[in-house]
Amino acid sequence: MNKKTEQDIMEKLVSLCKQRGFIFPSSEIYGGLQGFWDFGPLGVELKNNIKKSWWKRFVQMRSDVVGLDSTIITNPTVWEKSGHIGGFSDKLVECKKCHHRFKADDFTSNAKCPDCKGEFTGERNFNTMFKTFVGPVENSSTTAYLRPETAQNIFVNFDTVRAAMRTKIPFGIAQIGKSFRNEITPGNFIFRSREFEQMELEYFVNPKEDKKWFEEWVNQSMQWFIDLGIDKNNLRKYEQKGKELAHYAKETIDIEYNFPFSSHGACPPVLWHGRRGSASGGDKGFAELMGISNRTDHDLKAHGFTYKDEVTKEEFIPYVIEPSVGVERAALAFLLDAYTEIEGGRTTTTDSNKEKEVVLKLHKDLAPYKVAILPLSKKENLTELALEIYDSLKSKHMVMYDQVASIGRRYRRQDEIGTPYCVTVDFDSLEDKAVTVRDRDTMEQERISIAELAKYINKKLES
RNA sequence: GCGAGAGUAGUACAAUGGCAGUACAUUAGCUUCCCAAGCUAGAAACGCGGGUUCGAUUCCCGUCUCUCGCUCCA
């Protein structure tokens, strides 16, 4: 795929998301706000389905992981202890000539730009934590922060959760929730936004076993994406090396997805202290979808926790293995991977002259609507039966009813939003008490008796 | 924050110093009845404030917002 085509796909997906009610700019009637996105009727279903899938696999299905839902605003001491008040605030200088930017601690005040020998601006603070005030008085003693990650709330609750649930190491605490980062450059649609939702799991282990558990979580995380239908060829692991690693991390592996944009431009790798400038050594497309880090005992130590094994009497500060993924970023990867254009369309039974057809091949667990009920005709007796079927299914699944326009057009509508199954009520249905169930991907149809329909659909959606 | 570009129906695009169009999407009706057919009718837009002008969506200034690049990262 060439670059132009790739950009087109991103633009087309953005349009589709807007038109069909997945995602649109926040507060758009006032021009929107950079880095903030609203999820529409379909988007919220997709997002909920992603979260549901993650929670089921990593909390519900595991006896060694429990959940948590903590607050966005906390006592600011949390962020002092964690190092975020220092770490999320960088002093930067900018070259007045070439506008390259450098961390101020690397240079003396009279230094020249290493790229073009230009003059630097004065130091400027780049703080990526959102500030707010608790209570009506705005001053330094009431300053609080919107959390830039959900992880710290898990760490500070370590002992309380452990005691309440009688958990023994190794065990994990999972949390899904909003985080906020005042990113200097949000962009690429929902890839990087300022308000976003994280699914984080902090898995506490004996430091002697950190390697084993790290590998385990990398593999588990990878498998989750694959099981939800992401093409393996669009996924890869990237191990962060040296200065790419966060200060707290002993080891980090990114799961990267082959996005249709390059998320990082060139930046001087030698001069830049900290992270790598371009994704995985400059390859275009692949960019971080998820990170799995060995955070060692950095966080628990910072908050003053320790752990005692009551059987072996061994006392230690647990290491933390952290799989962390952004819900919106995952949603983008799922949408991109599902977005399929078919030149000329798939129709063989009519000679309609369409240029292309769009099918969103989302995994059935992720599809916003699972089933659409379509009466073949608007004639009274068909719609009545169709609505009865709709009513009989809606308590179990997200079901859509649509009677407007030709049947072919309605199939296209459902294909475009990824609905896996369409149930068509035709004139024979009145006689034989059966309907046809149409598969999104194969367009094949099967005739099912109405009495068996609910069971049939349930089975299809569970398989 | 700096640099560059851009703001016109839901989307993608036109045009114009004097009634703002097209395609797709959408609504109602007719027709058809299993894969975007057709016909008829309809709804729907010039980011905002100022200036120039008889008249500004168009020209000028400002402002806001977005997009791209720089950092940051899920």
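The sequence lines fix the lettering, A, B, ..., with proteins before strands; numbering per chain opens at 1.
Residues from residues 42-56 of chain A with heavy atoms under 4.0 angstrom of RNA chain B: there are none.
Comparing B:C35, B:C68, B:C33 by their closest approach to the side chain of A:F427 singles out B:C33. Side chain of A:Q445, nearest nucleotide from B:C35, B:G29, B:A25: B:C35. Which of B:C34, B:A74, B:A36 sits closest to the side chain of A:S193 comes down to B:A74. Candidate nucleotides B:C34, B:A74, B:A37 were compared by shortest atom distance to the side chain of A:D426, and B:C34 ranks first. Ranking B:U67, B:U26, B:C34 by closeness to the A:R413 side chain, first place goes to B:U26.
When the nearest nucleotides of RNA chain B are assigned to A:P186 and A:G32 by heavy-atom distance, the more 5′-ward of the two goes with A:G32.
A salt bridge links A:E195 with A:K178: the closest approach of a Lys/Arg side-chain nitrogen to an acidic carboxylate oxygen falls below 4.0 angstrom. Between A:R346 and A:D415, at least one side-chain N (NZ, or NE/NH1/NH2) sits under 4.0 Å from a carboxylate O, which counts as a salt bridge.
Side-chain nitrogen and oxygen atoms of A:R409 include at least one within less than 4.0 Å of the OP1 or OP2 phosphate oxygen of B:A37. Applying the 4.0 Å criterion to OP1 and OP2 of B:G10, one finds that A:K18 has every side-chain N and O outside that range.
In summary, the aromatic rings of A:F189 and A:W37 are positioned with their centroids under 6.0 Å apart. Ring to ring, A:Y319 and A:F204 are not that close: their centroids are 6.0 angstrom or more apart. Less than 6.0 angstrom separates the ring centroid of A:F191 from the ring centroid of A:F259.
With a glycosidic angle no more than 90° from 0, B:U32 adopts the syn conformation.
Centre separation under 5.5 Å together with a plane angle under 30° holds for the ring of A:F196 and the six-membered base ring of B:A74, marking them as stacked.
Between A:H84 and A:S82, the side chains place a donor N or O and an acceptor N or O closer than 3.5 Å (distance only, hydrogens not considered).
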Bracket string, RNA chain B, 5' to 3' - pairs by Watson-Crick or G-U geometry under 3.5 Å, | interstrand: (((((((..((((....[..)))).(((((.......)))))....(((((..]....))))))))))))....

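Using a 30° and 60° split on the angle between ring planes, A:F130 and A:F36 fall in the perpendicular class, above 60°.
Of the residues listed (A:R412, A:R413, A:R409), the one engaging A:E357 in a salt bridge (charged side-chain N to carboxylate O under 4.0 Å, His left out) is A:R412, and it is the only one.
In this structure, the NZ atom of A:K379 is 6 Å from the P atom of B:U31, given to the nearest Å.
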